[in-house]
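Data first, discussion second: the structure below is written as structure tokens.
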Amino acid sequence: MRKPIIAGNWKMYKNAAEATAFAEEVKASLPAAEKVDAVICAPALFLQSLVASAADTDLKIGAQTMHEEQEGAFTGEVSPTQLKDSGVEYVIIGHSERRQYFNETDESSNKKVLAAFEHGLLPILCVGESLEQRESGETGAVVEAQVEKGTAQLSAAQAADLVIAYEPIWAIGTGKTATAEDANEVCGIIRKKIASLFNEETAEAIRIQYGGSVKPANIEELMSMEHIDGALVGGASLEAESFLKLLEAGANA
Ligand SMILES: O=C[C@H](O)COP(=O)(O)O
């Protein structure tokens, strides 16, 4: 039985006061930690204050990206050791917006995934096809290749701890959600790929999220699917009330 994981990705939204107010409201009503993992992936600037707000609670804090090197002359970047040292536990890797606007690739994502594990962070590796790829019937092949390249050189034990977020690019921030059946089918393809790259046990253990216009109105159906173990949520994670509803649905799945 895989524990559901609901992660909010705030992207480049919120100011410091809003971030703290959100954490205060959410931590007061968190569902039981054994039922769902609750993660907020915030802008780097707010990570330390969120870690402090969430201390002694089960709310986990994640970053939205990181550099793969421990330190160096990389202006503007944040390293895995800096994140770990700040109390951050998760890090989103290879989000489609990072791939689209910041030239990230499967290869750079793989380096970051490996660095995250090396430094004790849990990566959420994002994969997903464009509308054009979906319409030309390439979804399965695209996602399989992303998974294979993104997980290269991981041990089976690391792969079992990895979280993969399947986010069809055409469903992000558009209000268009993949049908629960379509999302489940692709998450099933990802699980099968993990079985072939590692083993059945790893495939059974790995948690696969769906992301793309997830909201309180559609999460229950998504979470009822065999291969969907959680959600990576943008817009609907910005308000505490909405995020708490998503957590509730995760806890009851
Ligand atoms: O990381 C989250 C995804 O990009 C989904 O964003 P969204 O829920 O606003 O569509």
Side-chain angles (χ1 to χ4, degrees), residues 2-14 19 22-23 25-27 29-44 46-47 50-51 53-54 57-66 83-84 86-98 109 112-113 116-117 121-128 150 161-168 171-173 177-178 183 187 190 206-216 218-220 222-223 225 227-253:
R2 298 178 291 268
K3 193 193 330 177
I5 174 166
I6 307 294
N9 174 11
W10 283 356
K11 308 193 178 184
M12 202 171 68
Y13 291 100
K14 290 200 184 292
F22 179 102
E25 191 174 340
V26 165
K27 74 187 192 189
S29 307
L30 275 181
E34 57 272 18
K35 291 194 167 172
V36 63
D37 281 337
V39 186
I40 282 295
C41 298
F46 307 144
L47 292 174
L50 285 170
V51 166
S53 295
T57 77
D58 294 310
L59 181 61
K60 312 285 186 197
I61 305 302
Q64 297 173 10
T65 184
M66 64 171 205
L83 293 176
K84 183 70 184 171
S86 301
V88 169
E89 294 183 57
Y90 286 85
V91 57
I92 298 173
I93 302 289
H95 190 281
S96 61
E97 288 150 17
R98 299 293 312 173
S109 298
K112 290 170 197 274
V113 165
F117 277 118
L121 298 164
L122 281 176
I124 299 175
L125 172 66
C126 300
V127 299
D161 285 343
L162 178 70
V163 178
I164 293 182
Y166 165 57
E167 299 205 314
I172 296 176
T177 323
C187 291
I190 293 171
I206 193 169
R207 293 184 294 176
I208 304 174
Q209 298 174 311
Y210 168 76
S213 299
V214 174
K215 41 191 181 292
N218 60 23
I219 192 166
E220 277 175 34
L222 288 161
M223 291 299 299
M225 295 287 141
H227 295 295
I228 300 179
D229 308 312
L232 181 58
V233 188
S237 75
L238 289 168
E239 298 302 327
E241 194 189 335
S242 160
F243 186 63
L244 282 167
K245 284 184 187 157
L246 299 173
L247 293 181
E248 227 23 83
N252 294 330

Just by distance, do the side chain of Tyr210 and the backbone of Cys187 share a donor-acceptor pair under 3.5 Å?
->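 No, the answer is negative, given that no donor and acceptor are paired below the 3.5 Å cut-off.
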List in chain and number order the residues that pass side chain to side chain contact (heavy atoms under 4.5 Å, CB included) with [X], two or more places apart in sequence or in another chain; answer none if no residue qualifies.
{"X": "Lys84", "value": "Leu121"}
{"X": "Lys11", "value": "Asn9, Tyr13, His95, Glu97, Ile172"}
{"X": "Asn252", "value": "Glu248"}
{"X": "Ala54", "value": "Thr57, Leu59, Ile61"}

Can you check salt bridge (Lys or Arg N to Asp or Glu O under 4.0 Å) on Lys27 and Asp58, steps first, answer last?
-> CA-CA 8 Å; Lys27 74 187 192 189; Asp58 294 310; over 6 Å; no
side-chain contact (heavy atoms from CB on, under 4.5 Å) between Lys3 and Glu34, worked out | CA-CA 8 Å; Lys3 193 193 330 177; Glu34 57 272 18; 5.5 Å; no
Between [X] and [Y], which heavy-atom pair has the shortest distance, and what is it?
{"X": "Ala183", "Y": "Ile228", "answer": "CB-CD1, 3.9 Å"}
{"X": "Gln64", "Y": "Ala42", "answer": "NE2-C, 3.3 Å"}
{"X": "Ala38", "Y": "Leu247", "answer": "CB-CD2, 3.5 Å"}
{"X": "Leu246", "Y": "Pro216", "answer": "CD2-N, 3.6 Å"}
{"X": "Ala19", "Y": "Leu50", "answer": "O-CD2, 3.5 Å"}
{"X": "Leu162", "Y": "Pro123", "answer": "CD1-O, 3.6 Å"}

Minimum side-chain heavy-atom gap [X]-[Y] below 4.5 Å:
{"X": "Asp37", "Y": "Pro4", "result": "no"}
{"X": "Val91", "Y": "Leu122", "result": "no"}
{"X": "Val39", "Y": "Ile6", "result": "no"}

Given the rule in the ring pair (Phe, Tyr, Trp, His ring centres under 6.0 Å) test, do Phe22 and Trp10 qualify, once you have shown the distances and angles that lead to the verdict?
-> CA-CA 11 Å; Phe22 179 102; Trp10 283 356; 4.9 Å; yes
Look up atom [atom1] in [X] and atom [atom2] in [Y], then write down how far apart they are to the nearest 0.5 Å.
{"X": "Cys126", "Y": "Ile93", "atom1": "SG", "atom2": "CD1", "result": "8.5 Å"}
{"X": "Gln209", "Y": "Leu125", "atom1": "CD", "atom2": "CG", "result": "11.0 Å"}
{"X": "Arg98", "Y": "Ile92", "atom1": "CZ", "atom2": "CD1", "result": "10.5 Å"}

Any chance you could lay out the side-chain contact (heavy atoms from CB on, under 4.5 Å) test for Ile5 and Val36, step after step, and finish with the verdict?
-> CA-CA 6 Å; Ile5 174 166; Val36 63; over 6 Å; no
Taking only residues two or more places apart in sequence or in another chain, which ones pass salt bridge (Lys or Arg N to Asp or Glu O under 4.0 Å) with Lys14?
->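 Salt bridge (Lys or Arg N to Asp or Glu O under 4.0 Å) check on Lys14 returns nothing, list empty.
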Name each donor-acceptor pair under 3.5 Å that joins a side chain in residues 229-242 to protein atoms two or more places apart or in another chain, with its distance.
from   : atom 1 : to     : atom 2 : distance (Å)
Asp229 : OD1    : Arg2   : NE     : 2.9
Asp229 : OD1    : Arg2   : NH2    : 3.4
Asp229 : OD2    : Arg2   : NE     : 3.1
Asp229 : OD2    : Arg191 : NH2    : 2.8
Asp229 : OD2    : Ile208 : N      : 2.9
Ser237 : OG     : Val233 : O      : 3.1
Ser237 : OG     : Gly234 : O      : 2.8
Ser242 : OG     : Ala236 : O      : 2.5

Crowding at CD, Glu89 (>12 non-hydrogen neighbours, <6.0 Å) =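 Enclosed: over 12 neighbouring heavy atoms sit under 6.0 Å from CD of Glu89.
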